[in-house]
Every structure is written in structure tokens, then in C-alpha cells.
Number of protein chains: 2
Amino acid sequence: MMNLGGPATLDDVEPFLVRLFLDKEIIQLPFQEVLGKFIATRRAPKVRKLYEAIGGGSPILRWTTAQGEAMCRRLDEMSPETAPHRFYVAFRYTQPFADDALRAMQADGVERAVAFTQYPQWSCSTTGSSLNDLWRAAKRTGLEEAFTWSIIDRWGEHPGFVSAMASTVEDGLEAYPEAERDDVLVMFSAHSLPLSVIDRGDAYPAEIAASVSRVVETIGLKNPWMVTYQSEVGPVRWLGPSTETVIEQLAARGQKNLLVVPIAFTSDHIETLSELDIEYATLAREHGMTGFHRAPALNARPEFLDALADIVHAHLTSGAPYSTQYRTRCPGCVNAACRGVPSRLASAESAACAAADAEAAEAAEVAEREMQNSMTSSAA
Amino acid sequence: MMNLGGPATLDDVEPFLVRLFLDKEIIQLPFQEVLGKFIATRRAPKVRKLYEAIGGGSPILRWTTAQGEAMCRRLDEMSPETAPHRFYVAFRYTQPFADDALRAMQADGVERAVAFTQYPQWSCSTTGSSLNDLWRAAKRTGLEEAFTWSIIDRWGEHPGFVSAMASTVEDGLEAYPEAERDDVLVMFSAHSLPLSVIDRGDAYPAEIAASVSRVVETIGLKNPWMVTYQSEVGPVRWLGPSTETVIEQLAARGQKNLLVVPIAFTSDHIETLSELDIEYATLAREHGMTGFHRAPALNARPEFLDALADIVHAHLTSGAPYSTQYRTRCPGCVNAACRGVPSRLASAESAACAAADAEAAEAAEVAEREMQNSMTSSAA
């Protein structure tokens, strides 16, 4: 179960930020080793305060663990022939890391592994970065050949996820007095991305919109709704419309009731508990909104736990090693590591792909050695 | 049937462009009356050549007429109780204008009118501008009270449209030799928008993605696919990824087979016949793509003619005067004319809205008069 992760304690905040700002796959800075560390260290005290305000740390490991346990219990029942099912958490910027997960899997004697992203919609900045790191971790730990893998790389339109998300919206709407309910504007808010990522061809905004469309259809939503993007940071231009700006604009226009739905997160964490519930809620109140609410996160909602098990079960029975979309790198991608697959893939068809990949990788290595040899000899 | 329209003859090209560049609702230029005319006049010879290359003019009126006739024939059969059904074309920047349509409707003794956008997905730059112009045209022609209106403002997820669009994709894929078909990347391309429009909260990208998601699902598409945006022009930043850039990038990577699907257009016109079929096809060939194709436009495809009739029939039987989304202006909207409704609306519920609107408009007028008075008096 792969996710961003979040600092579990206040002392974890700074190392978490440092790792995030050093990840070249999602942030590119000049002199990154120095500047990334500098920015992270400077931001740490402010971010530490935010975590302090939500109870001293991120609840994401607690929620992921609850989700994993419930999912495995369900899978053991649904599919006794593949039991026992176990889950391992691999966070990107805090413990447990992919390395930890792989070592624990080895210790437990795991043979068949599913790399299951906990981001419903694909982005190279989230699932992409986690998968690239997972394959690197397998190399780092010498466990490249230890497991037979398949990948669940996106599930934003899975009916179980959609229906669980729809029920959070319905719960959110029920928080309003009946007389005001029709007047609520429903704002589906997802984490934003720099436009440079969008322009490269990242599928994220299309997948977010597809999830929203399915949720709206499932509810038969009669309220007006929109899609916005939150959490933009730094000097580059990000995908809009900005959740924060939209809240101000709607408030200025006299909109009193606004329900924000975190459509791209499955568990409560800093973006829901702090950014939405404290920062934006305060902003909304200050601008005159009286009915600013946030739909609950999926967390341990039973429909969502069912969905997680269904997603894995459908994946296992399909025999497909990954989605149709996974192997197509963004047209503007400059990271050769993207969309890789491990050498041991779960299906024969993909084993062929992996073999072709391995061949290509070998050819590339040979070419590189030859180039280095020729450089060495010309230097000599 | 409202659409952008296109110059029917080469002599219509310049006046068409002038009207487009003077439309303050979609393009904002300093000294627009002068600069807009200047840009349009300067671009005209180049654009004239493009129309020359596709047969001397846009076929959009011909296609819209064919669609309108077939739609009305079907409606007369489906719903004899509301027959006879007639269609009138209202283009935004060329004849027939909204004024022409309204006068013809009056001459024919029309009572009940449906403002039916021919853009499947909403944007303030397309359907929004057409509707604003329609209500202005009603004022200009003194026909504000002449008809009882309702509005079909978006239909990008209508099953009939989706299934017609899916069949164009299937036709497009069949143009490839069977051995290469699995290797085709399907690129859904829509007209781009300036980011300023996206940041205001225009629903367009979410609606494009929703259409694509439905089409992909209907086909059970096994090919990788993506959403891109075409036709960006001028110095401002537009929504990406850019169709043109993506074609170059994919070709450079060795992608041979690319099927472009015009997801936001219903008829062939300059963006399909010239930009996709000539400009981008040449670009693709020059960069080494051997299998660049474009899925056929809907034009007079029977499934699409059925869909048009279904959309109107469903609208008429629903009794809803417009979609749930229509009345909610973009959060960043600065155009008070947007999302207006005519005084005679088809349902009682909305007549109440219109009355509230009229009241609000009156209040705004009073406020403005008072402000002007106070300014005059302070100036005095």
C-alpha cells in the first residue's frame, strides 16, 4: 500500500520535508541537495505548528493500517485460494519506506506481491514517484528477484470507490439544515500540480474529472458542483482553479454554503485536517460564509474497505499486470525511470514485456560501457 | 442550434475573424475596437488560404442544416404532441446570426423555443458567449417576450452522444492494419482555452474529461489514450498538454500510430479539416509517424442524429429549464451578463428565478444610478 505518508510525530516533520524537497522526480530545484534542504528546513517550524494543531502528527499510518487489516480480512474471505493476504505500507517520505516493506515481505516469506497505490487517480508526482522508488528500493535491498509483482496503478473510476466517495458527499450534505441543502455548492478539491507536469501530459486532471463525473452520477447530484485544486506552493504556476481563491470569490459573491469534497485523498491528513478544516474554513468564515463544511474522508468507512478488497480481488482475477495506461510514459517525460516494471511480473504476457525491457536495459548498459570505454581510450 | 459558425465563402473569412476578435466575452484586448480589428485583418489572408485548402469555406452550416433536418424529422415521429419541430441556426460570428434566427422564428409563428448549444461540453467561451449573445439579440430585435424558452446548455455525457462518439473512434481504429491496431495511441483532442478562463472556474476541462471517460468505457478501449488541447494562439498561456507538442514528442519517441479524436466538435470545420488533417498530419509525417489518422467527425452519422433528437426529447419531457450547472457563474467571473435567462422561461419554478433575476437587475440598476448621481454631485 503505497502513499505519500506523513510525519507521525512533530520530530518527524523536518526529515519528512527534507526528503520531499530532495525528490527530484517531483520537485526540480537548482543545486537541489543544498537548496531543497534549505527550503525544507526553513519551512519546518511552520509546518510543525500545523501538525501540532491537528494532534501532533499525521494519522495516515493509523488509517492505512486500519484499511490494510480490514482489506486483508475481506480478501481472505473472498478468495481463500490466494489466502493468506498480507499488507505492507510503503510511504514515500517517512517510515515505513519501500525498503522497510520489502524487507518485511521477505522476512514473512511473501512470494506474490501487488504494488497497490493508495492514490485513486494517477499522477507521475504521486503514484509514479512511489513506483519508481519501489523498484529502486528492490535494487537497493537486493530483492529485485524476490517477488512476483503486479501493479494496481489507478482506480479512480472503480464503482466501489465511487460509491464510497458518493456516500461521503451525501453525509456532507446532511450536515446542512434541510432548508439550505439545495443551496449548497459542492466543490471537489484535489491537490494541484505545477502546470509543467500537466503540460508534459500527466493524466491526473482527466482522472480527477472522471472520478467526479462518476460520483456526481452515482448521487444523482442536484446541487451545482465544480472541480478545484488546492495546496499550490512556491513560485511556479499551478493548475487552477485554486480552491483557496474560489472560496474567497464565492464568499464575496454571497455564497453561504459550500461543501468541500477531498476527491483525491483516501485518509485524513494535513491537507484535510489542517488546510481544509482550519485554514480554508477560517478563510471562508472571515469572508462571510456561514455554511462551509468538508465531506468526511473515506478513512475506515466500511464501503471503502469493501472497495479496497474488491479492487485487489478484481485485479488478481483479471490477470492483467497493470492498467492499459501504465506503460505509456507522458509524451513530455524526461525521466527514463518512469513506468518501469520489475523483472518478475505476474503474467506471461507481461513477462515478455519485462524480458524485452531487460533486453533494452542490457543493450543500454552495453552501449554505456562502450561509450565509457571509448571516452577512457580517447582520454588515454 | 447555436454554434461558432465558420465563413461559408472566402470573402466571409475577414468579417468572421473581425467579429471573433471583437467579442469581448472571449478575447480581451487593450483598445479592442482598434487592435482586434487590426489582428483580424492581418490574420485574414493566412486564414483565407486555409479555407481555400479545404474547399473554399467551412462546411459547418451545411452539416448543421443536415443535423437540424434529421433531428426534427425524428422529433416529429417521437413526439407528435409537440410537433411540428423546426430548427433555426444561430452562429456567433457569421450568418445566420442569432438575430436572423429570432426573426425567422417570429415569421414562422414559433411559440416555444429551446436554445440548444451544439457544443457538447460547456465553456463560457463557446456556449456561454452564444447564450449571452442570444439574449442580447432578443433585446436588439425587440423579441424579448416573443418566445417561451428553455436551454440545453451541455450534453457531453449523454449516452447517445457518447455512443456515437465511441463509434467514430472504432471507425478510426479500423483504418489501421490489424497487426498495428493494438499499438495505436488514441488522443482525444479538444480546443484549448487560455488559462485565465480555466482559473476563473470554467467547467470545460472537467466536462471534456468526463466525455472521454464515458467514450473509453463504452468502447472498452484497450489502447492507451490521453486528452490534449489544440489551437492555442497568441501570447497568453493556454491549457495543455498541447496537441501539436504531444504529436512531436510522441513521434520523437518512435510512436508510429496515433489516432486523433476531435472530442469537442460535432461537425467538420477548420480545426478538423485543416489543423488536424493538414497541419498536424504533415507535422506527424515529417517527424516520422507513419500511422497518423483522425477519427471521423460526427457530421450526419445516424447514431448522432438519433442522439440530437434524444437530447431534445429528454429535455422537453424533463421540464427542466436548464441544467443544474447553468445558473452557477464561474467563481472568478467578471461578466455580469453570464448565465442569464430570458424573461419567459418554460417552467414555473424558473419563472420565479427569472423574476428574482429581474428584481436583482433592477436593484443593480438603481444602485448604479445612485452611484452615478453621487459621483455627478461630488464632481459638481
Side-chain angles (χ1 to χ4, degrees), chain A residues 156-157 182 185-188 195-214 216-217 220-229 237-243 245-253 255 258 320 323-334, chain B residues 156-157 182 185-188 195-214 216-217 220-229 237-243 245-253 255 258 320 323-334:
Chain A
E157 295 177 72
D182 291 348
L185 199 150
V186 180
M187 184 160 82
F188 295 92
L195 283 176
S196 54
V197 177
I198 304 300
D199 286 346
R200 278 206 296 269
D202 200 286
Y204 184 72
E207 296 203 6
I208 293 290
S211 289
V212 170
S213 147
R214 304 285 169 174
V216 165
E217 180 191 36
L221 192 65
K222 293 275 170 285
N223 297 62
W225 57 269
M226 62 180 303
V227 179
T228 60
Y229 294 94
R237 199 159 169 185
W238 292 65
L239 181 63
S242 144
T243 304
T245 308
V246 165
I247 291 170
E248 290 177 342
Q249 289 166 334
L250 290 174
R253 182 201 284 183
Q255 179 75 32
L258 184 66
S323 81
T324 308
Q325 297 290 71
Y326 176 62
R327 290 290 279 160
T328 307
R329 281 172 57 202
C330 297
C333 182
V334 289
Chain B
E157 293 178 72
D182 290 349
L185 198 150
V186 180
M187 184 162 80
F188 294 92
L195 282 176
S196 54
V197 177
I198 304 300
D199 287 345
R200 275 206 298 267
D202 200 286
Y204 184 74
E207 296 203 7
I208 293 290
S211 289
V212 170
S213 148
R214 304 285 168 174
V216 164
E217 180 191 37
L221 191 64
K222 292 276 170 284
N223 297 61
W225 56 268
M226 61 179 303
V227 179
T228 61
Y229 293 94
R237 199 162 171 184
W238 292 65
L239 180 63
S242 144
T243 304
T245 307
V246 165
I247 292 171
E248 289 178 342
Q249 289 167 334
L250 291 174
R253 182 199 285 185
Q255 178 75 33
L258 184 66
S323 81
T324 308
Q325 297 288 73
Y326 177 61
R327 292 291 281 160
T328 306
R329 281 171 58 202
C330 296
C333 183
V334 289

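Atoms considered below: every heavy atom in the structure, side chains included; atoms not considered: hydrogens, waters and symmetry mates. Note that the structure is predicted; figures quoted are calculated from it, not measured.
Contact count against chain A (heavy-atom pairs under 4.5 Å) is highest for B/Arg253 among B/Glu157, B/Arg253, B/Met226, B/Arg329. Annotation: maximal heavy-atom pairing with chain A below 4.5 Å, among B/Ser213, B/Gly240, B/Ala203, occurs at B/Ser213.
When each of A/Leu250, A/Val186, A/Val246 is tested with A/Leu258 by the rule side-chain contact (heavy atoms from CB on, under 4.5 Å), just one qualifies, namely A/Leu250.
At a 4.5 Å heavy-atom cutoff, B/Val212 makes no contact with chain A through either its backbone or its side chain. If you measure heavy-atom distances from A/Asn223 to chain B, the contacts under 4.5 Å come from the backbone alone. At a 4.5 Å heavy-atom cutoff, B/Gln255 makes no contact with chain A through either its backbone or its side chain. For B/Arg214, the parts sitting under 4.5 Å from any heavy atom of chain A are the backbone and the side chain alike. For B/Glu248, no part lies under 4.5 angstrom from a heavy atom of chain A.
Contacts with chain A (heavy atom to heavy atom, under 4.5 Å) involve these residues of residues 204-211 of chain B, listed by number: B/Ala206, B/Ala209, B/Ala210.
Rounding to the nearest 0.5 Å places CG of A/Leu195 at 5.5 Å from CG of B/Leu195. Taking CG from B/Asp182 and NZ from B/Lys222, the interatomic distance works out to 10.5 Å, rounded to the nearest 0.5 Å. To the nearest 0.5 angstrom, B/Ile198 atom CD1 is 9.5 Å from B/Cys330 atom SG. Atom CE in B/Met187 sits 5.0 Å away from atom OG1 in B/Thr243 (nearest 0.5 Å). Of the inter-residue distances, the one linking B/Leu239 atom CG with B/Tyr229 atom OH reads 5.0 Å to the nearest 0.5 angstrom.
For the pair B/Val216 and A/Gln325, the minimum side-chain heavy-atom distance is 4.5 Å or more.
Here the closest non-hydrogen pair linking A/Thr324 and A/Thr328 is O-OG1, 4.5 Å.
A donor-acceptor pair under 3.5 Å is absent between the side-chain atoms of A/Thr228 and the main chain of A/Ser242, judged by distance alone.
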